Amino acid sequence: MGEKKIVISEKFTRVLRWSHWINFFMLTLMIWSGILIYWANDQYIKIPNELASALSIRGRLAEGMGWHFFIMWFFVGNGIFYFSYLLLSSEWRSLAIDRKTWPEAISVISHDLKISKVKPIQKGKFNAAQKIAYVSAILMGAGAVLSGLAIYKPVSLGFLTSMLGGYKAARFEHFLMMIGFVLFFIVHIIQVARAGWNNFRAMAVGYEIEKD
Amino acid sequence: MGIIVFKYIQNSSERIDGTPVLLRHSFVWNQKVWSKLSTHNKLNLIKTKKSLKGLDPRVNGDIGLSEFQESADIKNYSIEVISGSTKLNLPVSSFKSTPKIGYTSEFRCIEGWSEDTQYAGTRFSDFMAFYDLGKKSDGTYYQYVGLETPDKKYYVSIDIESMLHPQTILAYEMNEEPISDDNGAPLRLIIPIKYGIKSLKRIGRIVFSDTRPPDYWAERGYDWYSGF
């Protein structure tokens with residue numbers, strides 16, 4: 001009777017998991033309330049009014065602003081907390097990008113899209129494409145906060161608004177960041193589904209089963 | 001768990017002027033935080049020499065403009081001003097007794113659009129000083145200014161600090177021409193450190209007060225402060 005051995009290892013620390021899920025929830029609320037605000041002046045992307053009514057996003061500007069300027073504190077607070085943790089712990093190392101990351105990312109992507117059959121070698125927790133995607137998400141977070149502040153307080157923070165090319169430009173940049181988050185989210189969900197249950201469980205409880 | 005908290009806030013029956021109580025407190029908290037950045041000495045200014053003459057500023061709403069359908073009536077009414085025991089009925093022409101101030105700024109609507117516009121009129125603080133308005137007997141200012149249209153259908157209230165801002169004017173010209181009827185002739189407020197909802201058209205009455213006068217959009221769920 002051979003005993004089955006299970007080896008588990010910690011993949012994501014408690015801090016990373018909490019900040020990840022808090023961020024998921026806060027960002028969802030920010031995008032939802034942001035769409036309510038955007039809809040009062042839908043100048044970049046339009047959808048038919050019937051669809052907007054069905055999604056119930058019309059005529060809710062005041063409500064959207066109420067939520068947006070409430071949740072923003074938790075979104076920014078969690079972001080600062082996460083970023084400080086990355087810097088203070090050694091976790092930033094698994095996201096560090098260098099010159100080799102870029103060509104490696106291309107081979108990861110061509111393997112995932114089944115263009116190439118060569119399986120890229122992965123050192124560390126994340127592959128090269130993941131590193132770039134996650135670092136972009138952090139940068140987009142910073143970009144969303146800065147462009148958001150520029151349109152929220154364009155007089156008090158007028159220097160920021162001018163730096164971003166003015167009020168109208170900053171509004172568009174803020175919108176682009178939202179689009180960026182949505183695209184990131186779509187790819188992220190697909191990749192998480194592909195990576196499977198073991199990986200997803202690691203994001204929920206922290207541990208991954210290495211072999212059983 | 002998060003979803004339960006969200007639904008609880010969203011469906012809470014306790015509301016202040018149409019906004020869940022927690023989000024209304026959040027508006028007030030934000031006002032406290034951001035007013036520390038002292039908007040009151042910063043300007044909303046477009047540094048352009050370009051004349052905007054002939055361009056029609058966007059007209060976005062007509063609430064409060066039901067009275068005076070004839071242009072002749074607009075020229076001949078007087079504006080009621082109340083500050084403590086002082087009660088004045090000022091003809092529109094009397095607002096030209098103080099120096100004319102003009103500048104170009106970006107008019108920003110709470111809906112998200114904005115437009116560069118040139119304004120000219122009397123600075124509100126000059127107007128206050130000229131008629132000795134806005135101060136109580138102990139020499140301090142009333143905390144709020146309330147304005148309403150002649151038909152009383154649109155009304156705003158604004159903190160005194162923002163009303164004393166050098167760019168807060170009672171405007172009679174836009175883009176170098178007299179204000180058009182649907183942009184608020186003969187005299188409207190222009191306060192470019194706040195969203196356009198505060199720049200009331202066609203002033204009928206100005207009141208200084210320590211209790212906050214009613215505000216049309218704040219009653220409909222918007223942030224009362226609405227400042228930049």
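Remember, it's a predicted structure, so these values are computed and weren't measured experimentally. In what follows, chains are A, B, ... by sequence order, proteins preceding strands, each numbered from 1.
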Relative to chain A, which segment of [X] carries a heavy atom at a distance below 4.5 Å: side chain, backbone, both, or neither?
X       : answer
B:Trp29 : side chain
B:Phe27 : side chain
B:Pro20 : neither

Kindly check if the number of other-residue, nucleotide or ligand heavy atoms within 6.0 Å of [atom1] ([X]) is above 12?
X        : atom1 : result
B:Lys152 : NZ    : yes
B:Ile4   : CD1   : no
B:Lys153 : NZ    : no
B:Ile3   : CD1   : no
A:Trp102 : CH2   : no
A:Phe185 : CZ    : no
B:Tyr8   : OH    : no
B:Tyr131 : OH    : yes

[atom2] on [Y] to [atom1] on [X], rounded to 0.5 Å:
X        : Y       : atom1 : atom2 : value
B:Arg220 : A:Leu61 : CZ    : CG    : 14.0 Å
B:Leu23  : A:Ile71 : CG    : CD1   : 8.0 Å
B:Trp113 : A:Gln43 : CH2   : CD    : 11.5 Å
B:Thr19  : A:Met65 : OG1   : CE    : 11.0 Å
B:Asp223 : A:Phe69 : CG    : CZ    : 8.0 Å

So which part of [X] gets closer than 4.5 Å to some heavy atom of chain B, the side chain, the backbone, both or neither?
X       : answer
A:Phe70 : both
A:Met26 : neither
A:Leu29 : side chain

Q.
If I compare all heavy atoms of B:Gly221 with all of A:Ala62, which pair ends up nearest, and what's the gap?
A.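 Shortest heavy-atom separation between B:Gly221 and A:Ala62 comes out as O-CB, 3.5 Å.
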Q. Which pair of heavy atoms, one from B:Glu111 and one from A:Arg171, lies closest together, and at what distance?
A. O-NH2, 3.9 Å
Q: For the pair B:Arg108 and A:Val155, evaluate side-chain contact (heavy atoms from CB on, under 4.5 Å) and give the outcome as yes or no after the intermediate values.
A: CA-CA 11 Å; B:Arg108 301 187 180 99; A:Val155 176; 4.1 Å; yes
Q | Within the 6.0 Å centroid threshold, strictly below: B:Phe6 and A:Trp32 | A |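 B:Phe6 vs A:Trp32: aromatic centres under 6.0 Å.
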Q) Are any side-chain N or O atoms of A:Lys153 and backbone N or O atoms of B:Gly227, one a donor and one an acceptor, separated by less than 3.5 Å? A) yes
Q.
Can you confirm whether B:Val33 sits close enough to A:Trp73 that some side-chain heavy atom of one is under 4.5 Å from a side-chain heavy atom of the other?
A.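 A side-chain contact under 4.5 Å exists here.
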Q | Test side-chain contact (heavy atoms from CB on, under 4.5 Å) applied to B:Asn30 and A:Tyr152, step by step | A | CA-CA 11 Å; B:Asn30 278 317; A:Tyr152 181 47; 3.4 Å; yes
